[in-house]
Amino acid sequence: MQQQTLPPGIERILITAEEIAEANRRMAEAIARDHTGESLVLIGVLKGAVFATADLARALAETPGAPSDVQLDFIAVSSYGNAHRSSGEVRLIQDTTHAIEGRHVVIVEDIIDNGHTLHYLRAMLRNRRPASLRAAVLLDKPYHRVVDVTVDYTGLTCPDEFVVGYGLDYQERYRTLPYLAKLRPEVLPV
Ligand code: IMP
Ligand code: MG
């Protein structure tokens with residue numbers, strides 16, 4: 001690979017843009033197998049999953065046996081906690097624009113770590129009685145899971161590091177990097 005100048009604060013690239021695209025294609029194939037011919041709603045979790053949701057939706061459109069129709073909606077949550085990790089207290093910041101009762105739904109999340117965020121979202125959306133509810137997560141960090149939550153589609157296993165890029169931020173920075181990267185340790189508070 002050609003030598004690349006990294007932005008200040010970035011130590012190294014952990015997952016390349018090509019690896020992310022390949023993971024999205026694999027998830028799209030699995031989603032298409034489960035939803036062939038169905039009308040599907042992808043609910044992206046803002047802001048972290050904004051690129052994952054867009055890229056997964058487009059990969060789905062190019063996948064044979066795709067759903068008959070894919071609609072996009074978004075939800076925003078935030079959780080109290082420290083800079084690295086969410087707490088059990090998840091808060092709804094912005095709801096979807098359309099009702100999901102009777103619809104086939106796939107939640108799209110950027111990353112799962114302790115599991116609180118996805119657990120909260122699954123419970124909240126399940127209460128609205130969708131026809132089916134599944135979750136696609138681009139990055140799985142299985143090392144610090146606190147709540148047992150089902151992930152139906154996993155893109156990649158993430159190293160046990162705080163990662164930024166491809167939607168993921170540190171204090172709202174680095175979201176627009178096309179790859180996933182490790183921050184320099186001196187950037188993160190201890
Ligand atoms: P969980 O609630 O611990 O499963 O974590 C999910 C949320 O925590 C994600 O949606 C992210 O907002 C945040 N998060 C967890 N790990 C990372 C990371 O390595 N980088 C950036 N955000 C992260
Ligand atoms: Mg997120």
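Atom set for the values below is all heavy atoms of this structure, side chains included, hydrogens, waters and symmetry mates excluded. Index from 1, following the sequence. One-based numbering, in listed order, for ligands and for the atoms of each.
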[X], any N or O under 3.5 Å of ligand 1 N or O:
X: Leu168; value: no
X: Asp169; value: no
X: Ile112; value: no

Same hydrophobic cluster for Leu6 and Phe162, using side-chain heavy-atom links shorter than 4.5 Å among ILVMFWY? yes
Ionic contact status for Arg25 with Glu62, cut-off 4.0 Å: no
Answer yes or no: is there an ion pair linking Arg128 with Asp95, defined by an N-O contact shorter than 4.0 Å? yes
Identity of the nearest option to atom 10 (O) of ligand 1, non-hydrogen atoms only, from Val164, Thr117, Asp110: Asp110
Is it the case that the side chain of Thr96 and the backbone of Phe74 share a donor-acceptor pair, with hydrogens and angles ignored and the cut-off at 3.5 Å? no
Would you mind listing which atoms of ligand 1 come within a distance below 4.0 Å of any non-hydrogen atom of Glu109? 10 (O)
In ligand 1, which numbered atoms sit nearer than 4.0 Å to a non-hydrogen atom of Gly115? 1 (P), 3 (O), 4 (O)
Side chain, backbone, both or neither: which applies to Glu161 and ligand 1 if a contact is any heavy-atom pair less than 4.0 Å apart? backbone
Ser132 and its side-chain hydrogen bond (donor to acceptor under 3.5 Å, both in side chains) partner, picked from Glu38, His104, Arg103: His104
